[in-house]
K.L.:
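Quick one: this structure, given as structure tokens, is what I'll be asking you about.
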There are 2 protein chains.
Amino acid sequence: MTDMRRDAGGQEPVATGEPHPKEATLHQRILGEIEGRILSGEWPPGHRIPFEVDLAALYGCSRMTVNKVMTRLADAGLIERRKKSGSFVIQPQAQSAVLDIHDIADEVASLNLTHSHSVVSRERRRAGAEDMRRLDLPKSSAVIDVVSLHRAGARPFCLEERIISLANVPDAAQADFAATTAGAWMLNQVPWSMAEHRIRAVGAGPREAGLLGIESGAACLIVERRTWSNAGPLTHVRFTYPGDRHGLIARFTPSGQALS
Amino acid sequence: MTDMRRDAGGQEPVATGEPHPKEATLHQRILGEIEGRILSGEWPPGHRIPFEVDLAALYGCSRMTVNKVMTRLADAGLIERRKKSGSFVIQPQAQSAVLDIHDIADEVASLNLTHSHSVVSRERRRAGAEDMRRLDLPKSSAVIDVVSLHRAGARPFCLEERIISLANVPDAAQADFAATTAGAWMLNQVPWSMAEHRIRAVGAGPREAGLLGIESGAACLIVERRTWSNAGPLTHVRFTYPGDRHGLIARFTPSGQALS
DNA sequence: TTCACTATTATGTATATACATGTTCATGTC
DNA sequence: GACATGAACATGTATATACATAATAGTGAA
């Protein structure tokens, strides 16, 4: 492994089956492949990433090159590095470091109230036209549909309406979401690579009003989240918060991430 | 500059007057100082950062060390690097790469409608208790208070209520915000280091309803943004969107930032 | 068996070096 | 004066090397 220089020709490192297109630099290629394995779930949270020297050998490059990639992944919060032990895929954090929409139990706990939830309905069914709008699912694929009501103390706190793609989250078929909320379950279960939030205000319809114990037409904050992994769509969830509750808070820097 | 090794003693690089505490590594120290100069506005958008070799000489380190810092700053979107020319502080982007709350003119334009706005009121006054709640201002410091109505085509689009701290944005005293909106003016004028958004839903009060041409009590989305620079608070703005309009959209990755 | 000490291991930081890649600028020719 | 050519320059990527640091594993003495 002494002196590699610009070989290009030679045995291509062949890092198992990669669907990645050829990328400009080695750095980017290594970064992309490791990122892909993490975000697709091939390397689940807690998995130990090969040692730097081994990756260097695999890609036929120096440890410094691999080290820089690992440093970036650590900065980005995808891996955790421990001396002597190695580098590990990190446990999925809160929903996002940036937009502070965390697990509802936390949200309620921060108000010093005890959280409870009940499953209003849960069914397994085939995706219809409405579901295809909510999440870009293949037509009539199997989904789990769960509606839960979250309470802070005794009062209703928010309504959660969720569909989960069974194609990409098969374990959801077994979960009944009575003990852990669907949100917490997803958080600990499935790695994701992209999320999209849509936030709007609407007047409560009669159904929501009834469940939440508010007047029909009262202003509500709607937060819809669609989540994907590299394999495809995972889940769509709609939270309905009565408007007289505290809102959402998001903090960030110009670059969208804290440095230093 | 040949072979520096671990000197520690010797002439401290003395990179002008820094209020920074001593940081762990040289890397972090350089990163922090440059970031500070950018975020404080000492190095405004467009400013050319010293060449890597010069910074290396200044800090008494190798170019590689500086290069890594610059690479991070570029990844974070704070600087732009051009070969032969050097590295430059970037023009402030949209309000955020992550949370897609852009300039209102853009927002309206994306709906294929022409944007117009009018200043409902503008005054210079001393901060009261309410302003201290909105923005953590020193008591009775001078602020500019502007209320504008934005229109998409002929219809009211949203209401903007803003206060600007004159202590930290003195140029605001001269601006009347008739030609450019207050948002666009701030965006091009002032570098910021932190922003906090608060999002909630409320029923429209009679004043908002009148200005926006909606019914009193109709659901509205309220987006409040507080922005700081390193020097202190800059501005607080509250946008009120009628709830029957499209909402906000935010997209992101687990780490809060796109890699690769 | 327990505790202290040491060796090993994997990451963390920094260096010097080499060459590639685009830009800009100056130069010389037509 | 217009234009092609090439030198100079600043960044971009990668290498080999060195030593620091933290955590683990192993060894030996009380």
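Residue numbers begin at 1 in each chain, while the letters A, B, ... track the order of the sequences. Worth saying up front: this structure is predicted, and the values here are computed from it rather than measured.
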K.L.:
Given the structure, check if the side chain of R81(B) and the base of dG22(C) hold any donor-acceptor pair shorter than 3.5 Å.
P.N.:
no
K.L.:
Roughly, in whole Å, what's the span from CZ in R63(A) to P in dT13(C)?
P.N.:
11 Å
K.L.:
Angle class for the H150(B)/H117(B) ring planes (parallel below 30°, perpendicular above 60°, tilted otherwise)?
P.N.:
parallel
K.L.:
To the nearest angstrom, how far is N67(A) atom CG from dC19(D) atom P?
P.N.:
18 Å
K.L.:
CE of M64(A) versus C1' of dG12(D): gap in Å, rounded?
P.N.:
14 Å
K.L.:
Does a side-chain N or O of T71(A) approach OP1 or OP2 of dG12(C) to a distance below 4.0 Å, or not?
P.N.:
no
K.L.:
Provide, to the nearest angstrom, the distance between the NZ atom belonging to K83(B) and the P atom belonging to dT21(C).
P.N.:
8 Å
K.L.:
Is it true that the NZ or CZ of R225(B) lies under 6.0 Å from the centre of F239(B)'s six-membered ring and within 45 degrees of the ring axis?
P.N.:
no
K.L.:
If I take atom CZ in residue F51(A) and atom P in nucleotide dT8(C), what distance separates them, rounded to the nearest angstrom?
P.N.:
17 Å
K.L.:
Closest-nucleotide mapping onto DNA chain D: is S85(A) or K68(A) further toward the 5' terminus? I mean the 5' end.
P.N.:
K68(A)
K.L.:
Looking at dT8(C), dA14(D), dA16(D), which one has an atom nearest to any side-chain atom of H27(A)?
P.N.:
dA14(D)
K.L.:
Does Y59(B) have R29(B) sitting over its ring (NZ/CZ under 6.0 Å from centre, angle to axis within 45°)?
P.N.:
no
K.L.:
Less than 3.5 Å apart, any donor N or O on the side chain of N168(B) or W228(B) sitting next to an acceptor on the other?
P.N.:
no
K.L.:
Give the intermediate values and the outcome of side-chain hydrogen bond (donor to acceptor under 3.5 Å, both in side chains) for residues D75(B) and T71(B).
P.N.:
CA-CA 6 Å; D75(B) 286 346; T71(B) 302; over 6 Å; no
K.L.:
Please report the distance, rounded to the nearest Å, between CZ in R82(A) and P in dA25(D).
P.N.:
12 Å
K.L.:
Return the value, rounded to whole Å, for the distance between atom CD of E80(A) and atom P of dA22(D).
P.N.:
16 Å
K.L.:
Whole Å only: how far is the CG atom of L26(A) from the P atom of dA20(C)?
P.N.:
16 Å
K.L.:
Map T65(A) and S87(B) onto DNA chain D by nearest heavy atom, then report which one ends up closer to the 5' terminus.
P.N.:
S87(B)
K.L.:
Go through dT11(D), dG22(C), dG12(C) for me and flag the one nearest to the K84(B) side chain.
P.N.:
dG22(C)
